[in-house]
Amino acid sequence: MEDKRPEGIEKYDHPAGGWDALKAVAKTLAHQQIIAQGTMTLLKANQPEGFDCPGCAWPDPKHTSSFEFCENGAKAITWESTAKRSGPEFFEKHSVSELWGWPDHKLEDAGRLTAPLRYNSESDRYQPIEWDDAFSLIAQELNKLDNPDEAEFYTSGRTSNEAAFLYQLFVRAFGTNNFPDCSNMCHEATSVGLPKSIGVGKGTVTLEDFDHADAIFSFGHNPGTNHPRMMTTLHNAARRGVPIVVFNPLKERALERFAAPQDPVEMATLSSTQIASAYHQLRTGGDLAALKGIMKAVFALDTANRAEGGPGLLDRAFIAEHTAGFEALYADVDQTSWENITFVSGLTKEALESVARIYVKASNVIICYGMGITQHTKGTENVQQIANLLMLRGNMGRQGAGIAPIRGHSNVQGDRTVGITEIPNKALLDGMERAFGFRPPAEKGHNAIECIEAIAAGKSRVLICLGGNLAVAMSDPAVTFEGMRKLDLAVHIATKLNRSHLLTARASLILPCLGRTDLDTQASGPQAVTVEDSMSMVHASRGFLKPPGEMVKAEPAIVAGIAKATLGNRYGIDWEWLIADYDRIRDKIEQVFPDFRDFNHRVRVPGGFRLDVAASFRRWNTENGKANFLVSAGLDEDPLIANPEALVLTTIRSHDQYNTTIYGMDDRYRGVFGRRDVIFMNREDLTERGLKDGDRIDIRGLGAEDPGKRLVQGFTAVAYNIPRGSAAGYYPEMNAVVALGHHDPLSGTPSYKGVPITISAANG
Ligand SMILES: Nc1nc2c(c(=O)[nH]1)N[C@H]1C(S)=C(S)[C@@H](COP(=O)(O)OP(=O)(O)OC[C@H]3O[C@@H](n4cnc5c(=O)[nH]c(N)nc54)[C@H](O)[C@@H]3O)O[C@H]1N2
Ligand SMILES: Nc1nc2c(c(=O)[nH]1)N[C@H]1C(S)=C(S)[C@@H](COP(=O)(O)OP(=O)(O)OC[C@H]3O[C@@H](n4cnc5c(=O)[nH]c(N)nc54)[C@H](O)[C@@H]3O)O[C@H]1N2
Ligand SMILES: [Mo]
């Protein structure tokens, strides 16, 4: 007899995808009141003449495919193209204090923003303001600063290349490199780690490479929810008999089995395809240990093979010709004991040896990874160990093999490419000088954590956000929220209302912008923007829906408005001229970044084009011109070792959310319905603490400074299939227990997936 489960916790034993996914889309369409228009909108996603789906950064088969069904893409699109509006009447009705009490879901569900708004502290309400007055206010506050470095310019990853490029032009002309962006909380470990390894901070594979891979490893990502179109690729690979080896503390349903909604047989017969050929439930933060274990086992197989007179199992020609650092890596892995590896990873030696056997048997291996790898204090080193493993057998820079960081926001990679970076390199500075005749500042600016630190310390006075929900996405709301309320000016360029907007400063503005699906008309007519996906493919995106209101402006136009008001005609930049026709912005992008050669022509070819990724051709743009094996001393430090009471919490996305945007309260594949206030735990960890499934608990974040502040109360413990010592809860709720200082020192990525916590029965 099964015990009674906590309310809303059910057994869900269907495969991922399938009919439940179709039903979920129908429900979303109905909820957003856009049934007729909605279906049409969905059909234009990722089509040659359509818009790029704002859901994720997974590429499309040449962006020319027939409609690829994706439940969560549909949610992203319908959420944006909703018929609901939060115009001035809405803000007249609801004070900021009242809205603060609303759940995140309800704030965004109020609908699209339609008018520029300024906070009035007397009425405690956001009230309409003219665009020109908003721009002048921003200009005034920015120009009043003693130093441009006292302003922070955040970017979230939906922003198009054109808007992001103009934004960095404005900010650099203004005089700072303070470019915190969502990437700092996401794949920064990739952007920092891979250039040292292979000379480029991006993945090396294309979508076609998956057709030629004969083993695929997946570390720490949940494609059934976060990159559902990737399931088509994995489904095809699994059906070809390609081993898919998964490393994840949770059994994610889509990685176990998936029914493709495009597959008439699977749909009609309610059957599905097994995805993972082997599923390794390692402990949270156990990846570094697991990767070293696999390498150790590969070295052992290689030695054995050579002892039997074989040629060895490493690609020695590749190692000799293309790489440096092999001996040091070998020595480090050699001296790491199996005892430590198995303790920290939570995997057995036999399990890791079986992975090594699959690895050496395959000619072409792709390793995919997501936030389970990057969001750790050793995130950068995790990424580099993945590169090491691949390079041992030359699985880098040839067909069917390589590294595949699975990016987050649909254009986060593109924003980086066109200059959103706090660490400008010489090529960027030279390019800017060439195109605009001025030399931008070279000093390193703030990343996301440094931005919050500067704001909390009162050193940064102005925050401008091009999209996103920085305060809620960031760790440690106790520090972050308090800091934001002390700003002189906060500006949010946004499609929908969120909690960051409610952290009002001395002056606060919400500026409504168009989304991907909206028609963008400028002086020369309708415009297309461009985006870059996870595999460095750049293509055009054209919205077609009537904008949500007459006052709503496109992001490039808003950036240009702020820039013109602030800078006048500094450096002779004609902002109006630039935005009148986005081809002009693209010409400038090409001038700054030669990789975009012939940009306006190539982006008009259906499917777009691929930016050069030198490592894909075995050209290594590293300091020594080689691909580098890099050593990470030790294994990921494990709070359990220091504190036997502690658990390692990982913070994850539910199936019904997009980052801080909460579409709904279900997490179907994990069997959670109607709630998010749960912590998944191993049953024995509960028992050991005198607790049981369904108990209400308090969660405390451990950390260097003032642990008492980081507390989440009254959540429900759910006994779950998760390794001992690990726990999982939802982002963003769990940010309350993540210390701001708890991040990867190399990349600044918060350790959202390795949070040391203690739990106890709820107090009251
Ligand atoms: N529908 C939808 N799509 C999205 C998003 C969304 O929120 N909703 N967000 C977008 C963005 S910005 C991003 S960055 C991506 C995020 O996509 P993912 O990288 O898939 O993000 P997470 O949900 O954070 O899931 C990480 C996975 O890692 C596992 N994991 C947790 N800790 C560890 C660990 O220590 N080691 C290993 N090996 N695994 C671990 C979790 O169990 C989970 O399966 O998706 C993008 N696409
Ligand atoms: N604990 C924990 N924290 C995390 C993570 C985690 O896994 N765990 N993940 C981190 C990751 S990977 C990321 S990427 C960040 C995400 O951080 P952000 O990118 O800052 O957050 P989002 O939730 O994606 O932002 C949502 C808001 O963007 C606005 N928006 C939506 N579309 C558009 C548009 O087209 N234009 C403009 N201007 N605005 C738009 C809407 O107003 C919406 O409310 O969070 C990070 N925080
Ligand atoms: Mo992300």
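Counting starts at 1 for both ligands and their atoms, following the listed order. This structure is a prediction, so every number in the text was calculated from the model and none was measured.
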Check H409 against ligand 2 and report side chain, backbone, both or neither, counting heavy atoms closer than 4.0 Å. side chain

Is ligand 2 under 4.0 Å from a heavy atom in the side chain of E108, in the backbone, in both, or in neither? side chain

Which of the ligand 2 atoms, numbered from 1, are nearer than 4.0 Å to a heavy atom of K753: 7 (O)

For N498, the ligand 2 atoms with a heavy-atom partner under 4.0 Å come out as 27 (C), 42 (O), 43 (C), 44 (O)

Ligand 1 contact on H227 by region, counting heavy-atom pairs under 4.0 Å: side chain

May I ask you to check whether L282 has an N/O atom sitting below 3.5 Å from an N/O atom of ligand 1? no

Do any N/O atoms on N226 end up under 3.5 angstrom from N/O atoms on ligand 1? yes

Any idea which atoms of ligand 2 are less than 4.0 Å away from a heavy-atom of G467? 37 (C), 38 (N), 39 (N)

Look only at the side chain of Q281 and the backbone of L250, and say whether a donor-acceptor pair between them is shorter than 3.5 Å. no

Among D287, N382, D656, the residue with a heavy atom nearest to atom 37 (C) of ligand 1 is D287

Is the shortest distance from a Lys or Arg side-chain nitrogen in E188 or R416 to a carboxylate oxygen in the other one below 4.0 Å? yes

Look at atom 32 (N) of ligand 2 and say which protein heavy atom is nearest, naming residue and atom and giving the distance to 0.1 Å. R158 NH1, 3.2 Å

Among all protein heavy atoms, pick out the one at the shortest distance from atom 8 (N) of ligand 1; state its residue, atom name and that distance to 0.1 Å. Q657 O, 2.7 Å

Contact check: T284 vs ligand 1, nitrogen or oxygen atoms, below 3.5 angstrom: no

So is T651 polar-close to ligand 1, meaning N/O to N/O under 3.5 Å? no

If you have a sec, work out which protein heavy atom is nearest atom 40 (C) of ligand 1 and how many Å separate them, to one decimal? P249 CD, 3.3 Å

Charged N to carboxylate O under 4.0 angstrom, K753 versus D287? no

Give yes or no for whether the N/O distance cutoff of 3.5 Å, strictly under, is met between R670 and ligand 1. no

Is any N or O atom of T650, backbone or side chain, closer than 3.5 Å to an N or O atom of ligand 1? yes

Would you mind telling me if ligand 1 is within reach of the side chain of N659, the backbone, both or neither, using heavy atoms under 4.0 Å? both

Per-atom contacts, ligand 2 versus E555 - under 4.0 Å to a heavy atom: 34 (C), 36 (N), 37 (C), 38 (N)

When you compare ligand 1 with R407, is there at least one nitrogen or oxygen pair between them that comes in under 3.5 angstrom? no

Within a distance under 4.0 Å of any heavy atom of Y154, pick out the atoms of ligand 2 and give their elements. 17 (O), 18 (P), 19 (O), 20 (O)

Compute whether any side-chain donor of one residue and acceptor of the other, for S654 and R676, lie under 3.5 angstrom apart. yes

The atoms of ligand 2 lying under 4.0 Å from a heavy atom of S156, numbered in the order shown, are 18 (P), 19 (O)

Report yes if some N/O of H501 lies less than 3.5 Å from some N/O of ligand 2; otherwise report no. no

Any nitrogen or oxygen of F219, side chain or backbone, less than 3.5 Å from one on ligand 1? no

Check whether the side chains of N161 and T530 place a donor and an acceptor atom closer than 3.5 Å, and report yes or no. yes

Would you tell me which option among G408, A254, G220, G286 has the nearest heavy-atom contact to atom 46 (C) of ligand 1? G408

Apply salt bridge (Lys or Arg N to Asp or Glu O under 4.0 Å) to K202 and list each qualifying residue two or more places apart in sequence or on a separate chain. E532

Atoms in ligand 2 flagged as close to M371, the criterion being non-hydrogen separation under 4.0 Å: 12 (S)

I493 heavy atoms, cut-off 4.0 Å: which ligand 2 atoms fall inside? 37 (C), 38 (N), 39 (N)

Qualifying residues under salt bridge (Lys or Arg N to Asp or Glu O under 4.0 Å), relative to E252, sequence neighbours excluded: R670

Has ligand 1 got any nitrogen or oxygen that is less than 3.5 angstrom from a nitrogen or oxygen of Q375? no

Flag for N469-R499: side-chain donor and acceptor within less than 3.5 Å: no

Heavy atom of R653 under 4.0 Å from ligand 2? yes

Look at the rings of Y730 and F680 and say which category their plane angle falls in: under 30° parallel, 30 to 60° tilted, over 60° perpendicular. perpendicular

Would you say C186 has any N or O atom under 3.5 Å from an N or O of ligand 1, going by distance alone? no

Please verify whether a non-hydrogen atom of C513 lies at under 4.0 Å from ligand 2. yes

